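Worth saying up front: this structure is predicted, and the values here are computed from it rather than measured. Both counts, for ligands and for their atoms, begin at 1 and track the order of listing.
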Amino acid sequence: MSEALLDVVVRSCQIQGGEVLVLELAAANGQALPRFAAGAHVDLHVAPGVVRQYSLCGDPAMANVYRLGVLKDARSRGGSSAVHAQLQPGTTTRISTPRNLFPLVSDARRSLLIGGGIGITPLIAMAHALHARGEDFELHYRGRSRSRCAFVDELLAAPFAAHVFTHFSDDGADRQLDLAQVLGSPAAGTHLYTCGPAGFMDWVIDGARQQGYDAGHIHFEYFQAEVDTRGQGFEVQAVRSGKTVQVQPGQSLLQALRAEGIAVEVSCEQGVCGTCLCDVLEGEPDHRDHYLTDEEKQSNEQIVVCCSRARSARLVLDI
Ligand code: FES
């Protein structure tokens, strides 16, 4: 996948909540940045071969600056820790143009935005957009500790603050997120958007399903996911590379391909971004990603190589 890259300069950076670096990026040439829609993210090229996705959390109406929130992840594989260490005001770096895999639907009558921790970032941009359109919405922000979460003060002072509800574990019992009550019975035209740690999102999504929300009204974006390598081994024929690879139990497909010297373009390596998408020529994938839709998974036409496996004994891939 090749795409246009933008040279940007760090205009400001600030630590919020102890571990979140809030960055403002402007075009290095001083011109306006491409417009983005709420829910979009950019790929930040942190270092050669290290590319990470971050949601744009500023107001989409502001064309001259992109705002990102980068949590310093204790399990960082070189992404967030490098961002924290390297970027400071005046530093130049490269990003992709914005891509949106998590857009607002245009005809919602009501929107519920439920974010956990750093997953609040795309929902902040959504709140700006919904407020600008004069639409009915609520933004719920859940986190472990008020003092350890970013963006709290600005959300409570935002022009849409009346739509913001915070739920922190160190708040009183009456402030905790009552998911069933917030979701309510799904009224026609109500759409749910959620982002956060995988366990949090699974809880919100399962809760919405149990309340009777239609799948088409539940929107989510995983930004961090575990790669599950459990399961039997299988064989992969990599047609363009002219090699056949055995994937062992406990080994990921990506690891097996790399071990044979087969190059795969990757970014998140967690089944979230779609960078490693590949055509399936034969065989049945065991889809374990958070990128393809249910319909796309059922078609078995493509596989997310970094995290998926095989149900059949053999896969033939266009790689
Ligand atoms: Fe992101 Fe595979 S590298 S989905």
So, for Phe36 and Tyr66, is the gap between ring centers shorter than 6.0 Å? yes
So for atom CG, which belongs to Asn29, do other residues, nucleotides or ligands contribute more than 12 heavy atoms lying within a distance under 6.0 Å? yes
Shared ILVMFWY cluster between Val9 and Leu21, side chains joined below 4.5 angstrom? no
If two hydrophobic side chains count as joined below 4.5 Å and joins carry through other members, does Leu277 share a cluster with Val266? no
For residues His140 and His167, is any side-chain donor paired with an opposing acceptor at under 3.5 Å? yes
Take His128 and Phe160 through the test ring-ring contact (aromatic ring centres under 6.0 Å, His included) and record every step on the way to the result. CA-CA 8 Å; His128 279 289; Phe160 50 79; 5.0 Å; yes
Atom 1 (Fe) of ligand 1 neighbourhood, protein N/O/S only, threshold under 2.8 Å: Cys268 SG, Cys273 SG
